[in-house]
Enquirer: 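Just passing along the structure, written as structure tokens.
In this text the structure is predicted, and so the values were computed from the model without any measurement. Heavy atoms only: backbone and side chains are in, while hydrogens, waters and symmetry mates are out. Whatever order the structure lists them in is the order used to number ligands and atoms, beginning at 1.
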Amino acid sequence: AHCFVLSCAFMSALPPTLASPPSSIVDEIRALADTTAGRICTDADATALASTDFGGNVSVVGARPAAVFYPSCPADIAALLRASSASASPFPVSARGCGHSTRGQATAPGGVVVDMASLGRVADSSGRLAVSVDGRYIDAGGEQLWVDVLHATLVHGLTPRSWTDYLHLTVGGTLSNAGISGQAFRHGPQISNVHELDVVTGTGEMVTCSKEKHADLFDAALGGLGQFGIITRARIPLTLAPARVRWVRLLYANAAALTGDQERLISEHGALAGLMDYVEGSVLTDYQSLFASRPSLSSFFPDANDARVAALANEAGGVLYCLEGAAYYGGAGDTSAAHVDKALEVMLRELRYARGYTFVQDVSYVEFLDRVHGAELKLRAAGIWDVPHPWLILFLPRSRILDFAAGVFHGVLRHDRAMHGTVLVYPMNRGKWDGGMSAVFPGEEEVFYTVGILRSAVADGDLRHMEEQNSEITRFCENAGIPCTQYLPYYATQAEWAARHFGPGRWDRFVQRKRKYDPKAILSRGQRIFSYPS
Ligand code: FAD
């Protein structure tokens, strides 16, 4: 009774009645459904689901949408946006990938959430993952999961180069942020690895854009937090796929040694340049609970090592660091196991980790890339996946990472109660990022770090405690003059977005692009950047 069918064929020309819309959003949506393609649901189950996300923090997620829209093709999305745009009181519309945001970014309070997965569920959705072997690219629907992109390309011995740690995220969702992982130091974030996009703008226009064609929209949409259009297709370049991975973890007793080594590994010069295909790192402020809560980690450090690791942790004053590296070999690529082993030998000789604390695994390329999914399944089984996730992810310049470590890893987070999560720290090369795109990153130094404090609020009181600590970390950075940029940012007011996230030049450009592509601020209101009327 609460679902309306819209059929794609009729969507290109919306009836003139929509130009003088009924007073309430629900009536407007009904009018759209009565006349035209797709399916709209206003029932409580659908709207409740569309107002949740991975963050699970009800206080920031906000109100429910009035409806959820299930498009059958990109033209359905264009029609919905044109209807809102033509309305006297335009209703908010947000694309929802998997809802893996943590602060309600994919919600559309009082408006319409577009269930992107629906694009891939239509009878003939095979074209939504189309590999061109000769062109060395894949055309992937914005709703597609990166794990499916991986499998579709591997069939042809090919693979994208830049990833996220977790692959059950959508192409459109990560490209609206940046998409980072341990390959970004060499290939840049995922947004630096796109040839072309199909975007439906806030005015309902369907545009194909690239660096050559409609470059301004292309740059705006990449890292654009869903503000300029809904990405319905991305053309992603591919390279020859390796078959296997030597996956290394090394323990460190101090931050200076870890970061020094990471920087040598990501440098394009020096003895260690090019040895690793992936470089990340983590901080173990409470290594015991980490072992308990991160099955993927505990399997890396077999139980037999517990006592040794505990001894090192004591020696290090309770905070351990871990460098994580990976070297690919085999498959369609031309790197042999012997070559990789030689590289590892050099690396293990040169790096300054705590001697004897070397842990190496050999896994398939798929196992390596899809590693977080294994942890997800275990956390789900333990009932601690669907809990609040008050994540804080920061970018900061290289020159301040040790100050940050002293104040946060050895300060705010030290002697914390059970950690339930992980703290990532790894560097990236600024030169691999494109300042013309919407994503914000530190621009001053050649190298910047990402620090991801990725925690799960498992016990009563954890959420509040972790949110307070996040605020304490932000205050610490302000007081210490450490310039931090949030990744997957969240600010409650436009003034904060302007001043604290973008800064004057970038903010002006962001606003100009918004006026051009979504003048009625219809898109992704859950980000809390723009409202209408402003
Ligand atoms: P959603 O959360 O559904 O949407 C995110 C935003 O993008 C919303 O504003 C939404 O309206 C907009 N949006 C969604 N689809 C589109 C589209 N097609 N076009 C335009 N706008 C759109 N990120 C990393 O970079 N690296 C990581 O290693 C990483 N690991 C993660 C691990 C886990 C377990 C989780 C839960 C998240 C991780 N993320 C990581 C964060 C992830 O990139 C973001 O959550 C991102 O938003 C993608 O999630 P999603 O596809 O569910 O998008």
Side-chain angles (χ1 to χ4, degrees), residues 49-50 52-56 61 65 71 74 77 81 92-108 111-120 140-147 162-184 189-191 197-202 217 220-234 278 280 296 369-373 375-376 379-380 385-386 389 391 393 395 421-422 424 426 428 438-439 450 452 454-456 487-490 517-518 522-529:
L49 189 68
T52 60
D53 67 16
F54 182 74
V61 167
I77 298 176
L81 286 166
V93 175
S94 292
R96 178 183 168 92
C98 301
H100 274 127
S101 295
T102 55
R103 302 265 174 180
Q105 288 95 332
T107 60
V112 180
V113 165
V114 179
D115 179 76
M116 294 299 288
S118 154
L119 289 174
E143 78 288 356
Q144 295 293 322
L145 301 182
W146 283 100
V147 68
S162 185
W163 294 98
T164 46
D165 292 343
Y166 177 57
L167 303 187
H168 298 248
L169 303 166
T170 65
V171 167
T174 71
L175 294 183
S176 296
N177 285 291
I180 55 168
S181 183
Q183 300 87 0
Q190 289 179 321
I191 53 172
L197 295 174
D198 282 347
V199 176
V200 186
T201 67
L217 177 59
L222 291 169
L225 306 173
Q227 295 304 305
F228 309 103
I230 295 186
I231 298 168
T232 56
R233 178 186 64 96
Y278 162 102
E280 285 201 4
S296 64
L369 287 181
D370 202 17
R371 61 199 176 277
V372 178
H373 186 52
E376 173 189 353
L379 293 173
R380 277 192 191 279
W385 177 260
D386 289 320
H389 294 94
W391 286 8
I393 308 176
F395 290 161
T422 189
L424 296 179
Y426 59 91
M428 290 178 278
S438 294
T450 185
L454 313 177
R455 296 186 285 181
S456 308
Y487 178 60
L488 310 178
Y490 169 76
Y517 302 113
D518 182 26
I522 289 168
L523 291 165
S524 286
R525 289 245 194 111
Q527 297 274 7
R528 299 176 188 228
I529 308 176

Enquirer: Only heavy atoms count here, so choose which of Gly226, Ala95, Ala106 is nearest to atom 11 (O) of ligand 1.
Expert: Ala95
Enquirer: Measuring only between side-chain heavy atoms, which start at C-beta, is Gln105 closer than 4.5 Å to Asn177?
Expert: no
Enquirer: Check His389 against ligand 1 and report side chain, backbone, both or neither, counting heavy atoms closer than 4.0 Å.
Expert: neither
Enquirer: Could you tell me if the ring centre of Tyr278 sits under 6.0 Å from that of Trp163?
Expert: no
Enquirer: Given side chains that start at C-beta, do those of Asp370 and His168 come closer than 4.5 Å, heavy atoms only?
Expert: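 Counting from C-beta outward, Asp370 and His168 do come under 4.5 Å.
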Enquirer: Within the side chain of Asp198, is there an N or O that forms a donor-acceptor pair under 3.5 Å with the backbone of Thr232?
Expert: no
Enquirer: I'd like the name of whichever of Leu169, Leu454, Thr170 reaches closest to atom 38 (C) of ligand 1 through any heavy atom.
Expert: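 Among Leu169, Leu454, Thr170, the closest heavy atom to atom 38 (C) of ligand 1 comes from Leu169.
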Enquirer: Taking atom 5 (C) of ligand 1 as the point of reference, which of Gly173, Ser101, Gly526 owns the nearest heavy atom?
Expert: Ser101
Enquirer: Check each of Gly452, Gly179, Ala108, Ser176 against atom 7 (O) of ligand 1 and report the one with the nearest heavy atom.
Expert: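 Residue with the shortest heavy-atom distance to the ligand atom: Ser176.
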Enquirer: Which protein heavy atom lies closest to atom 35 (C) of ligand 1, and at what distance to 0.1 Å?
Expert: Trp391 CH2, 3.7 Å
Enquirer: Distance alone, cut at 3.5 Å: any donor-acceptor contact between the side chains of Ser118 and Glu143?
Expert: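 Checked: Ser118/Glu143 side chains show no N/O donor-acceptor pair below 3.5 Å.
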Enquirer: Can you pull out the closest protein heavy atom to atom 18 (N) of ligand 1? Residue, atom name and distance to 0.1 Å, please.
Expert: Ile231 O, 2.9 Å
Enquirer: Tell me the protein heavy atom at minimum distance from atom 25 (O) of ligand 1, and give that distance in Å.
Expert: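 Residue, atom and distance for the closest contact: Tyr487 OH, 2.6 Å.
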Enquirer: When you measure from atom 6 (C) of ligand 1 to every protein heavy atom, which one gives the shortest distance, and what is it?
Expert: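 Residue, atom and distance for the closest contact: Gln527 NE2, 4.1 Å.
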